[in-house]
Every structure is written in structure tokens, then in C-alpha cells.
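Some notes on the structure that comes next.
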Amino acid sequence: MKGCWVKYVITGALLALLAGCSSKPTDRGQQYKDGKLDQPLELVNQPNAKGRPVNGRDFSDQVGAVRVASPGMFTRQKDTWSAIEGWLMSGGDTRQLRQFGLDAFQMEGVDNYGNVQFTGYYTPVIHARYTRQGEFQYPLYRMPPRSKGRRLPSRAEIYSGALDERYVVGYSNSLIDNFMMDVQGSGYVDFGDGRPLMFFGYGGKNGHGYHSIGKTLIDRGEVKREDMSMQAIRKWADEHNPAEVRELLETNPSFVFFKPEDFAPVRGASAVPLVAKASVAADRSLIPPGTVLLAEVPLLDNNGKFTGKYEMRVMVALDVGGAIKGQHFDIYQGIGADAGHMAGFFNHYGRVWVLRSAPGAAATLFSNNQNGNNGSMLTSANP
């Protein structure tokens, strides 16, 4: 998303969009099986996890992207990353982490029983034209100048033409597509002229508060809370006329503006290109940029339902999000419709271990110098 920097400014909007869906714990992967954990990150002898990471190549690609885009981050983390690469090349058996000089710190989860929340985000691709024509009637805007002491127009006012056409950067064929790109904060635009896709990075907000349209549909009784997802919102939009869709979207006064640029890789807040399912947005006050996570991620079926199975992944924290706090990660799912399909469903729980090269059994996990924020000072709970 980003210029995926956007996640820093608006992020977690997807969470708000989905309006805090609830269901039986095991429907979303919460198993409450690890016993109570007493620290946000607790050193364990070895992860209580089955299986081996499925994405070793993607992880290697992600580390390579860090090395090119952020040499400083790479240098700070290279001992850990080197140890993990060796561990993965030897099969990635979680019982052998210590043999490769790695400590595993288990996250306590949202419930202190190891259940960490996972959501998903992606980069949409929408179709547009440079001028209003045929089905392409819905403007995309760049950031207009702010007048001192005055807020920019609300979404409803913008839809009614409050902004001058000189701020229009294209016309799409779908108002709901515009809104979904707004929620994600950036996206790619296909102008249909045979040229490479244009990247529309985050350009700013109008300053109005965010209101969940998902919550609105739930409150109106039009979508059940347990069925709420981006797909449910799209289905509702497909079944209603443009005026009704516009009325729903206008209940959210917040509006995002875009900054067009030539085709560019999707980058996180750390300015590093993101590899799908090998990078996450995290809370920097707990998880510094560049931190490696071993995650037991719940597997969903094509309808977004938990299958009762998990897969192990190694991922790097390279992004942030306004709603991504504490024991919660937003997994970057990639670009386009398939990635959006999965991102729209994800609001589930799994287990996470922070991996770190092990200088000593009671060493500090992160220093204040590395974090640049609030360092996480941990000592061994299970030496």
C-alpha cells in the first residue's frame, strides 16, 4: 500500500470496515491451548508448533529487498537473518532453532493464551480513463491545497462536486472500487492505453473522522455480523443501485486523496518493497522494523472459513498501521483481485514467535537504539 506508507496514516481502516466481526473462538482459529503467558513476548525453549515454514524462498526474497532498499536495517538484523537462512536451508525444523543460535519469544496474544490476531491488506488494481467517458464516471482526486483554519470537504460534499476538476487524476468505472482503494490507501490504476500500470500512492486525507460502512450495514440489518467481509460489502453493492451505494459510502465522511506516479513497487512504512505473505504491518512500540516472526497462520477456505489447519510462515515486520496495535499483525497479501479476496476475509488468530539471534539466555531482545522508540526489554521466562 504505499507508497504503502499509507498504512502509517490510515491503516487498519480495513479492520474498521469489517466492524469487529465476532464468532465462536475456534471459527477464527483461537484454540486457547498454550496456557497463560505472563509477558508480551516470552522466551521459550522451542516453539510448540508443528510443521515447517512453507515460504522460505519468499522470505529470502524479502530479505534481499531489505538489503537493497535499507542497508542500515539489513546490517542491524543480519546476524538473525543469516541464522534463519541457515535454519531454513537445513529444513526449518522448529526443534532445531537453538542449534542455529536462535531464540524464540512467544507472543502472549490478545488473550494472554498465545492467540495473536491476523488481518490482511492488499494493493488493488482498478480500471480508469484520463477523461470522463462511457462507464468511467467516478473521479479519483489528488490532494487539494488546505485553507488555513478550514477543513476540506466531506466525502458527501466531494461526491457532489465540491472539488474543482483540476484536482481529478482519472475517472474509474466503479465507485465501490474507488472506495476500496481509499480504504487500502493506495493501488494500481490501469488506464487501458497499453502503458504500464500507474501507481496511485497515498496523497493525504480530508481530515474527517472514519466511520465503518460495514458497521452501518450490520446496524441496518442488511448483513449479519458474522458474515461481514469486503466480499459481503461488494455483494451488497452489486445488488443495489448506484444511488444506494453512494448513500452508504457517504456515511463515512473520511476521504483519501492519491498521488499518481509511474509504476513502482509496493513499499511499506520502512520504504522496503513488500513480498506477499512474507511481510506484515506491526506495532512498532512492541515489534521494531525488521523483526522476524515465525507465525502459525490459520488456513481459510475460499469462503473465508477457518479450515482447522495452519501453515508456518516466516515474515518480516516492515509496515505499520493506525489500528495495528499490540498482539496483532496485518499480513500483506499482494496485488490484485485474488489478494483482495483473501485480505477481505482475514480476521483470524494464530500463534507467533519472534526469532532473534541468541547472544545469551537472558539477553535483551531489542535495544532502545535499534527500536528508536520504546525498547522491549525481556528476560528469559523459560531458560
Side-chain angles (χ1 to χ4, degrees), residues 1-20 119 121 123-124 126 128 130 132 136-172 174-187 189 198-220 230 233 237 242-261 267-269 281 283-284 319-325 330:
M1 300 173 124
K2 329 269 192 207
C4 213
W5 309 48
V6 61
K7 204 124 182 80
Y8 182 72
V9 187
I10 68 166
T11 104
L14 178 57
L15 257 192
L17 178 72
L18 300 187
T119 49
Y121 69 105
T123 306
I126 70 173
Y130 293 106
R132 179 177 267 133
F136 296 92
Q137 296 292 317
Y138 304 103
L140 296 159
Y141 292 93
R142 65 180 174 89
M143 185 77 178
R146 292 182 181 273
S147 300
K148 189 173 182 179
R150 295 183 60 186
R151 259 195 323 190
L152 292 170
S154 68
R155 180 180 298 275
E157 291 167 335
I158 291 171
Y159 284 173
S160 295
L163 292 179
D164 194 290
E165 285 192 1
R166 68 177 180 269
Y167 302 117
V168 175
V169 290
Y171 294 88
S172 87
S174 170
L175 190 61
I176 194 69
D177 279 355
N178 288 10
F179 183 83
M180 292 301 183
M181 190 164 78
D182 180 315
V183 168
Q184 297 301 318
S186 67
V189 177
M198 183 76 72
F199 184 71
F200 273 40
Y202 177 79
K205 291 182 69 175
N206 64 349
H208 293 253
Y210 186 93
H211 176 77
S212 165
I213 65 169
K215 184 176 187 305
T216 297
L217 290 175
I218 291 170
D219 291 345
R220 291 177 178 178
M230 283 201 302
I233 292 173
E244 292 171 316
V245 172
R246 173 174 166 172
E247 183 278 329
L248 172 66
L249 301 186
E250 287 179 350
T251 64
N252 175 22
S254 178
F255 193 90
V256 168
F257 303 101
F258 299 104
K259 182 171 64 174
E261 55 185 292
R267 299 176 185 270
D283 181 350
R284 275 186 172 172
D319 212 350
V320 295
I324 311 303
K325 302 296 184 184
D330 212 13

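Given the structure is predicted, the values throughout are model-derived calculations rather than measurements.
- Within the 4.5 Å cutoff, no side-chain heavy atoms of P260 are placed close to those of F199.
- Shortest non-hydrogen contact noted between P253 and G209 is CG-O, 3.3 Å.
- Note: M230 CE to F179 CZ = 11.0 Å, rounded to the nearest 0.5 Å.
- Between F255 and Y141, the two ring planes are perpendicular [angle over 60°; tilted spans 30° to 60°].
- Across Y167 and P145, no two heavy atoms sit closer than the pair OH-CD, 3.2 Å.
- Take S174 and apply the side chain to side chain contact (heavy atoms under 4.5 Å, CB included) test, not counting sequence neighbours, and it matches I176, D177.
- The two atoms that bring A237 and V245 nearest to each other are O-CG2, 3.6 Å, heavy atoms only.
- A distance of 9.0 Å separates CD in Q137 from OH in Y171, rounded to the nearest 0.5 Å.
- Put simply, CD1 on I233 and OG on S212 are 6.5 Å apart, with the number rounded to the nearest 0.5 Å.
- For the atom pair CZ (F200) and NZ (K259), the distance works out to 12.5 Å, reported to the nearest 0.5 Å.
- Taken from OG in S147 to CG in L152, the straight-line distance is 7.5 Å, to the nearest 0.5 Å.
- H208 contributes no side-chain N or O that, together with a main-chain N or O of N252, makes up a donor-acceptor pair within less than 3.5 Å.
- In this structure P242 satisfies the side chain to side chain contact (heavy atoms under 4.5 Å, CB included) test together with Y138, sequence neighbours excluded.
- Residues L140 and V168 form no side-chain contact, since every pair of their non-hydrogen atoms from C-beta on lies 4.5 Å or further apart.
- Residues passing the side chain to side chain contact (heavy atoms under 4.5 Å, CB included) test with T251, sequence neighbours excluded: H211, I213, T216, R220, E247, L248.
- Residue pairs meeting the salt bridge (charged side-chain N to carboxylate O under 4.0 Å, His left out) criterion with at least one partner in residues 145-155, sequence neighbours excluded, are R155-D182.
- For the pair S160 and R246, the tightest heavy-atom approach, listed with the atom from each and the gap, is OG-NH2, 2.9 Å.
- Scanning both residues, V320 and A269, for their nearest heavy atoms gives CG2-CB, 3.6 Å.
- The side chain to side chain contact (heavy atoms under 4.5 Å, CB included) check on R166 picks up D164, with sequence neighbours excluded.
- In plain terms, the two heavy atoms of I324 and A281 that are nearest each other are CG2-O, 3.5 Å.
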Pair V189-M181, side chain to side chain contact (heavy atoms under 4.5 Å, CB included): steps then yes or no | CA-CA 10 Å; V189 177; M181 190 164 78; 4.3 Å; yes

For Q184 and Y121, run side chain to side chain contact (heavy atoms under 4.5 Å, CB included): C-alpha distance rounded to whole Å, both residues' side-chain angles, the deciding distance at 0.1 Å, then the answer.
-> CA-CA 7 Å; Q184 297 301 318; Y121 69 105; 3.4 Å; yes

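- For S154, the side-chain hydrogen bond (donor to acceptor under 3.5 Å, both in side chains) test picks out E157, with sequence neighbours left out.
- The main-chain N or O of M143 is never found under 3.5 Å from a side-chain atom of N206 such that the two would form a donor-acceptor pair.
- Distance CZ/F257 to NZ/K205: 11.0 Å, rounded to 0.5 Å.
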